[in-house]
Amino acid sequence: MKIAFAGLGVMGAPMARHLVEAGHDVTGFNRTVTKAEAWAATTGGKAAATVTEAAQGVDLFILCVGNDEDVRAVVTEALPHLSKAAVIVDHTTTSAKVAREMAELANGQGRSFIDAPVSGGQAGAENGQLSVMAGGDAAALAKVEPVVKAYSKAIKHMGPAGSGQLTKMVNQIAIAGVVQGLAEAVHFAQVAGLDTDAAYEAVSKGAAQSWQMDNRWKTAAKGDFDFGFAVDWMRKDLGLVLDEARANGARLSLTALVDQFYAEVQAMGGNRWDTSSLAARLRPRD
């Protein structure tokens, strides 16, 4: 399949690489053209200098960019140049509103738009183990699902346009609460004078077990946060969640509180720290 991939950052670059390795004809685009050229040189894909160039006659246009406005700009530019009946798959985490807008725009030009945010982070992208939650036309998703499987372990169709983004919001709500609980558990263990490694062994095999505990307990206990899913990105996502909640009436008091805790981490200079850095605001300060 002839594919274009826009957005070759820490997530997009390895995702697009998996497509090349699966044997697809892939053209990569990035606003920083040198990134696309470097990606092409190391993967065997091709680089394009503009969205228009990347989109010429492609059957599947994938993007993983920054925010709503980036998605609007890229999709609007790409649409007229895609092949007839092409499918656009957007892995950016955005508002459900923009997903619905882009689906309507694409449908009006004879193409399909799938909002398909992912979970699994940079490691999931590198290892081809992302979880994809998709909204939009089921037949269009079925058409491209074998391709998307090149970098994913699970793909779930959630309903009409916007449903994928709403599901990603559910994902981020759940993560925010769990990470705050983990931060407080680590903090309590330390203040109580427990061996944190021993505490982890004692509680991680029971009801307290979670992915966050298994992957972030020990680094949080050490104060190691210079990796992973950045606080800036999480605050962007939680902003989308809280905007949607204000519109639909969902009561998210814990999520709103954790969002403010992340603001404190940003004030500490932790903008690019991993989300587990909620533990940092509880550590003793000089």
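As the structure is a computational prediction, the values presented were derived from the model and not from experiment.
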Do Arg272 and Asp226 meet the salt-bridge criterion of a basic N to acidic O distance under 4.0 Å? no
Run Ser95 and Asp243 through side-chain contact (heavy atoms from CB on, under 4.5 Å) and show every step you take. CA-CA 9 Å; Ser95 68; Asp243 283 347; over 6 Å; no
Are side-chain heavy atoms of Thr196 and Tyr200 found at a separation under 4.5 Å? no
Donor-acceptor side-chain pairing of Asp59 and Ser83 below 3.5 angstrom: yes
Indicate yes or no: at least one non-hydrogen side-chain atom of Lys153 is less than 4.5 angstrom from one of Ser131. yes
Heavy-atom side-chain contact between Asp90 and Val98 under 4.5 Å: no
Minimal non-hydrogen separation, Phe227 against Ser276, with atom names: CZ-OG, 4.4 Å
Taking all heavy atoms of Val74 and all of Val51, pick out the closest pair and write down the distance. O-CG1, 3.7 Å
Where do Ile175 and Trp211 land on the side-chain contact (heavy atoms from CB on, under 4.5 Å) test, with the steps shown first? CA-CA 10 Å; Ile175 288 174; Trp211 185 97; over 6 Å; no
Looking only at non-hydrogen atoms, find the nearest pair between Val179 and Thr275 and report the distance. CG1-O, 3.4 Å
Heavy atoms, side chains only, cut-off 4.5 Å: are Met158 and Leu166 in contact? no
Is the backbone of Val65 close enough, under 3.5 Å, to the side chain of Thr92 for a donor and an acceptor to pair up by distance? yes
Value for CH2 (Trp273) from CD (Gln266), rounded to nearest 0.5 Å, stands at 11.0 Å
Side-chain heavy atoms under 4.5 angstrom apart, residues restricted to Ile, Leu, Val, Met, Phe, Trp, Tyr: same cluster for Val58 and Ile114? no
Is there a donor-acceptor pair under 3.5 Å between the side chain of Gln165 and the backbone N or O of Thr94? yes
Starting from the C-alpha separation in whole Å, work towards a yes-or-no answer on side-chain contact (heavy atoms from CB on, under 4.5 Å) for Lys236 and Thr93. CA-CA 9 Å; Lys236 184 208 86 169; Thr93 297; 4.0 Å; yes
Within the side chain of Ser277, is there an N or O that forms a donor-acceptor pair under 3.5 Å with the backbone of Ala280? no
Sub-4.5 Å side-chain heavy-atom contact between Val75 and Ile88: yes
Would Glu244 and Lys97 pass as an ion pair if we require N to O under 4.0 Å? no
Could you check whether any side-chain N or O of His18 sits under 3.5 Å from a backbone N or O of Glu126, counting only pairs where one atom can act as donor and the other as acceptor? yes
Does the gap between the ring centers of Phe5 and His24 come in under 6.0 Å? no
May I ask you to decide if Val33's main-chain N or O and Asn30's side chain share a donor-acceptor pair within less than 3.5 Å? no
Any side-chain heavy atom of Trp217 within less than 4.5 Å of one from Leu182? yes
Would the distance check show the side chain of His157 and the main-chain N or O of Gly136 forming a donor-acceptor pair, the cut-off being under 3.5 Å? yes
Using only atom types and a distance under 3.5 Å, with no angle test, would you say the side chain of His187 pairs donor to acceptor with the backbone of Leu282? yes
Just to verify, what does His81 make a side-chain hydrogen bond (donor to acceptor under 3.5 Å, both in side chains) with, not counting sequence neighbours? Gln56
Quick one: list whatever passes side-chain hydrogen bond (donor to acceptor under 3.5 Å, both in side chains) with Asn271, sequence neighbours left out. Asp232
Under 3.5 Å donor-acceptor, Gln172 side chain and Asp237 backbone: no
Backbone N/O of Arg111 and side chain of Lys84: donor-acceptor pair under 3.5 Å: no
Please report the C-alpha distance between Lys218 and Asp197 in whole Å, then the side-chain angles of each, then the deciding distance to 0.1 Å, and finally whether the side-chain contact (heavy atoms from CB on, under 4.5 Å) criterion is met. CA-CA 7 Å; Lys218 293 185 178 181; Asp197 286 347; 4.0 Å; yes
For a side-chain contact (heavy atoms from CB on, under 4.5 Å) with Leu19, tell me which candidate from Ile3, Thr43, Asp25 qualifies. Ile3
Side-chain heavy atoms of Val87 within contact of Phe113, under 4.5 Å: no
Could you check whether any side-chain N or O of Thr50 sits under 3.5 Å from a backbone N or O of Glu53, counting only pairs where one atom can act as donor and the other as acceptor? yes
Cationic N near anionic O, under 4.0 Å, Arg17 to Glu21: yes
Do Thr27 and Phe29 touch side chain to side chain, with heavy atoms closer than 4.5 Å? no
Decide if atom CZ of Arg31 counts as having more than 12 heavy atoms of other residues, nucleotides or ligands within a radius under 6.0 Å. no
